[in-house]
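Heads up, the thing below is written out as structure tokens.
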Amino acid sequence: MAYKYSYDDEEKKYHFPKLQTNRNMWKLMILNILTLGFYSIFFFIPLSFDLDKVDPKRYRDKTMNYLVAHIVSIFTFAIVIDIWHHHIAGRIEEALERRDVDYDFNTGDFWKWFFFGSFILVGPFIYFHKLCTAMNLLCQSYNEKPVLDE
């Protein structure tokens, strides 16, 4: 008879959480328009948490909270949000390289599509599609192999 507070070896194993792999640009854009921009908060906060899990930075430095960047960007004419997205694109680029995921996404995509592409109106759509695809691939790689061999 097992003691009430005993546990098996199976319970000792740490099970890594499965990360979301169904991020969608269309859902982001449509719900962001319908909620007057508030859906982006609920989209990008989990994205940054997932990025910290997939590719933890050294020295326990975390990604800047999107809500803080969103609020501060109101007073800085969206400059802080642009810096946040540039930072996220760089982190995703590093994570794709570390995890050997074959997908082309970098900070140049942010500047090319999100920043300058906004002048032709379709640029942000392309950027968010590439961002969602890159994060889906990273989370899928994490779900298959949570810990990388260094």
Nearest-0.5 Å distance, [atom1] of residue [X] to [atom2] of residue [Y]:
X	Y	atom1	atom2	result
Ile30	Met25	CD1	CE	8.5 Å
Glu94	Asn106	CD	CG	11.5 Å
Ile92	His85	CD1	NE2	10.0 Å
Arg99	Leu137	CZ	CG	12.0 Å
Asn136	Ser141	CG	OG	12.5 Å
Ile79	Ile81	CD1	CD1	11.5 Å

Worksheet item: Is the backbone N or O of Lys130 less than 3.5 Å from a side-chain atom of Thr133, with the two atoms forming a donor-acceptor pair by type?
Response: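 No, the answer is negative, given that no donor and acceptor are paired below the 3.5 Å cut-off.
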Fill in: Donor-acceptor pair, side chain of Lys18 and main chain of Tyr142, under 3.5 angstrom
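Absent.
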Worksheet item: According to the interplanar angle, ranging from 0 to 90°, do the rings of Phe44 and Phe128 count as parallel (below 30°), tilted (30 to 60°) or perpendicular (above 60°)?
Response: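 Tilted: the ring planes of Phe44 and Phe128 meet at 30° to 60°.
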Item to complete: Report the relative orientation of the aromatic rings in His86 and Trp111; use parallel for angles under 30°, tilted for 30 to 60°, perpendicular for over 60°.
Response: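 The rings of His86 and Trp111 sit tilted, inter-plane angle from 30° to 60°.
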Worksheet entry | Test side chain to side chain contact (heavy atoms under 4.5 Å, CB included) applied to Ser48 and Trp84, step by step | CA-CA 10 Å; Ser48 64; Trp84 188 88; 4.0 Å; yes
Counting only heavy atoms not in [X], do more than 12 fall under 6.0 Å of its [atom1]?
X	atom1	result
Tyr103	OH	yes
His129	NE2	no
Phe42	CZ	no

Discussion item. Between Phe110 and Asp82, is the side chain to side chain contact (heavy atoms under 4.5 Å, CB included) condition met? List the steps.
Written reply: CA-CA 9 Å; Phe110 163 74; Asp82 291 342; 3.9 Å; yes
Item to complete: Might you point out which heavy atoms bring Ser40 and Asn32 nearest each other, and give the distance in Å?
Response: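 Of all heavy-atom pairs spanning Ser40 and Asn32, the closest is N-OD1, 3.3 Å.
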Fill in: Non-hydrogen atoms of Leu19 and Asn143 that approach each other most closely
N-OD1, 2.8 Å
Worksheet item: Pick one: which of Ile88, Ile83, Val80 meets side chain to side chain contact (heavy atoms under 4.5 Å, CB included) with Met64?
Response: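 Answer after filtering Ile88, Ile83, Val80: Val80.
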Discussion item. My understanding is that only one of Leu96, Thr21, Leu47 makes a side chain to side chain contact (heavy atoms under 4.5 Å, CB included) with Met135; could you say which?
Written reply: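 Looking at Leu96, Thr21, Leu47, the match for Met135 under the side chain to side chain contact (heavy atoms under 4.5 Å, CB included) is Leu47.
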Worksheet item: Can you tell if the side chain of Phe115 reaches within under 4.5 Å of the side chain of Pro124, non-hydrogen atoms only?
Response: no
Item to complete: Answer yes when Asp52 and Arg91 have at least one side-chain N-carboxylate O distance shorter than 4.0 Å, and no when they do not.
Response: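 Result for this pair is yes, salt bridge flagged.
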Worksheet item: Is a salt bridge present between Asp50 and Arg23, judged by a nitrogen-to-oxygen distance below 4.0 Å?
Response: yes
Worksheet item: So if you build clusters from Ile, Leu, Val, Met, Phe, Trp, Tyr with side-chain heavy-atom gaps below 4.5 Å, do Phe119 and Trp113 land together?
Response: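 Yes, one cluster joins them.
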Practice prompt. Please step through side chain to side chain contact (heavy atoms under 4.5 Å, CB included) for the pair Tyr127 and Lys112, ending with a clear verdict.
Written response: CA-CA 8 Å; Tyr127 169 73; Lys112 180 174 38 179; over 6 Å; no
Worksheet item: Do Tyr39 and Leu34 pass the side chain to side chain contact (heavy atoms under 4.5 Å, CB included) test, and can you show the C-alpha distance, the side-chain angles, and the key distance before you say yes or no?
Response: CA-CA 8 Å; Tyr39 181 74; Leu34 292 176; over 6 Å; no
